[in-house]
Q: 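Can you read through this structure? Questions will come right after.
Source: prediction; values computed, not measured.
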Amino acid sequence: MARKRFIIEMGMGVDQHGQEPTVAAARAVRNAIAHNALPGVWEVAGLSNPDEMIVEVQVAVPYPEQVREAEVLAVLPFGRKSLTVESGGMVVQGRAIESLNDKNDEMLVAIAAVTVFVETD
């Protein structure tokens, strides 16, 4: 079987308070998939179950070593999922608010690309 790309979706996510790269990464993935439907996986690709999709996620975020993979992939409702995290995104100086448990003034910005593959004969 050969894998073919079906769709690539991009998104951005921000953690304004809390300085959690996992939160920014998960929001970027959620943003990438938020406004789409994939009827083509049934109607064109012929899949019978959405978990047959192969979903590869690539995220660029500050402090990538702190990202908790399972939490980011949990955003995706279906598919055989994998995640690659790399250094990137952006750190923006914000304002620490004690009542929001901020560790510092940083706001973390992540970008994500979500690629859906289908297997064909």
Side-chain angles (χ1 to χ4, degrees):
M1 290 205 144
R3 289 181 354 154
K4 292 192 177 183
R5 288 182 298 173
F6 191 78
I7 190 169
I8 303 171
E9 306 155 316
M10 279 71 64
M12 182 198 74
V14 180
D15 185 22
Q16 293 183 33
H17 299 284
Q19 297 72 46
E20 286 287 342
T22 299
V23 170
R27 287 178 177 163
V29 172
R30 187 174 295 109
N31 178 251
I33 68 168
H35 301 287
N36 63 59
L38 299 177
V41 298
W42 293 276
E43 297 172 10
V44 177
L47 300 185
S48 59
N49 184 322
D51 282 323
E52 295 176 40
M53 295 184 294
I54 301 162
V55 184
E56 293 184 358
V57 178
Q58 183 178 0
V59 175
V61 64
Y63 317 115
E65 69 283 353
Q66 296 177 23
V67 172
R68 296 178 300 277
E69 180 176 336
E71 291 178 40
V72 176
L73 291 177
V75 171
L76 301 167
F78 303 108
R80 301 185 324 232
K81 313 165 196 178
S82 64
L83 175 66
T84 301
V85 181
E86 60 191 64
S87 183
M90 183 182 294
V91 175
V92 178
Q93 289 309 119
R95 174 73 183 210
I97 299 174
E98 187 177 333
S99 64
L100 296 176
N101 297 318
D102 281 333
K103 301 169 196 155
N104 54 48
D105 288 338
E106 293 180 347
M107 295 188 298
L108 306 183
V109 181
I111 56 172
V114 178
T115 305
V116 173
F117 294 86
V118 293
E119 291 181 331
T120 61
D121 293 329

Q: With heavy-atom distances below 4.5 Å as the criterion, would you say the side chains of V75 and I33 are in contact?
A: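 Yes, side chains in contact.
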Q: Answer yes or no for R5 and F117: cation-pi contact, defined as NZ/CZ to six-membered ring centre under 6.0 Å and angle to ring axis within 45°.
A: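 R5 over F117 ring: no.
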Q: Establish whether I54 and V57 are linked, either directly or via other cluster members, by ILVMFWY side-chain heavy-atom contacts under 4.5 Å.
A: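 No, separate clusters.
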Q: Side chains of F6 and M53: does their closest heavy-atom pair fall under 4.5 Å?
A: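 No, every pair of side-chain atoms sits at 4.5 Å or beyond.
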Q: Minimum heavy-atom separation for P62 and P21, please, with both atom names.
A: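 Residues P62 and P21, closest heavy atoms: O-CB, 3.3 Å.
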Q: Does one hydrophobic cluster hold both V67 and V109, with members joined at side-chain heavy-atom distances below 4.5 Å?
A: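 Each belongs to a different hydrophobic cluster.
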Q: Is there side-chain contact between E86 and P64, with at least one heavy-atom pair below 4.5 Å?
A: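 With C-beta onward as the side chain, the pair stays apart.
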Q: Which value, rounded to the nearest 0.5 Å, describes the distance between I111 atom CD1 and N31 atom CG?
A: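 The CG atom of N31 is 11.5 Å from CD1 of I111, to the nearest 0.5 Å.
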Q: Quick one, W42 and P50 - any side-chain contact, counting heavy atoms below 4.5 Å?
A: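 The answer is yes; the side chains approach within 4.5 Å.
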Q: Looking at A60 and S87, what are the two nearest heavy atoms and their distance?
A: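 A60 and S87 have their closest heavy atoms at CB-O, 4.4 Å.
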Q: Measure the CD-CD1 distance between E56 and I8 for me, rounded to the nearest 0.5 Å.
A: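 The CD atom of E56 sits 10.5 Å away from the CD1 atom of I8.
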Q: Any side-chain heavy atom of E69 within less than 4.5 Å of one from V85?
A: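 They are not in contact (no side-chain heavy atoms under 4.5 Å apart), so the answer is no.
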Q: Just so I know, are the side chains of R80 and V55 near enough to count as touching, which here means a heavy-atom distance under 4.5 Å?
A: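 No; the side chains remain at least 4.5 Å from each other.
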Q: Going by atom type alone, with no hydrogens or angles, which donor-acceptor pairs under 3.5 Å involve a side-chain atom of residues 88-98 and a protein atom two or more places apart or on another chain?
A:
none

Q: Are the side chain of D15 and the backbone of V23 linked by a donor-acceptor contact shorter than 3.5 Å?
A: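 Not a single qualifying donor-acceptor pair exists.
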Q: The test is side chain to side chain contact (heavy atoms under 4.5 Å, CB included); show your working for V29 and L76 and say whether it passes.
A: CA-CA 8 Å; V29 172; L76 301 167; 3.8 Å; yes
Q: Could you report the tightest heavy-atom contact between A28 and A110, atom names first, then the distance?
A: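 Here A28 and A110 meet closest at CB-O, 3.7 Å.
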Q: Would you kindly confirm whether V14 and V59 end up in one hydrophobic cluster when ILVMFWY residues are joined by side chain heavy atoms under 4.5 Å apart?
A: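 Cluster IDs for V14 and V59 differ.
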Q: Could you give me the CA-CA distance, side-chain angles and deciding distance for E20 and Y63, then say whether side-chain hydrogen bond (donor to acceptor under 3.5 Å, both in side chains) is met?
A: CA-CA 9 Å; E20 286 287 342; Y63 317 115; over 6 Å; no
Q: With rounding to the nearest 0.5 Å, note down the distance linking CD in Q58 to OG1 in T115.
A: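 Q58 CD to T115 OG1: 7.5 Å, rounded to 0.5 Å.
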Q: With rounding to the nearest 0.5 angstrom, report the CZ to CE distance, R27 to M12.
A: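 Atom-to-atom, R27:CZ and M12:CE are 10.5 Å apart.
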Q: Just by modelled atom types, is the N49 backbone N or O under 3.5 Å from a matching donor or acceptor in the E52 side chain?
A: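 Judged by distance alone, yes, a pair lies under 3.5 Å.
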Q: State, with a plain yes or no, whether a side-chain heavy atom of V72 is found less than 4.5 Å away from one of T22.
A: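 Side chain of V72 against side chain of T22, heavy atoms only: contact under 4.5 Å found.
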Q: Between atom CG of L108 and atom CD of Q19, what is the distance when rounded to the nearest 0.5 Å?
A: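 The CD atom of Q19 is 6.5 Å from CG of L108, to the nearest 0.5 Å.
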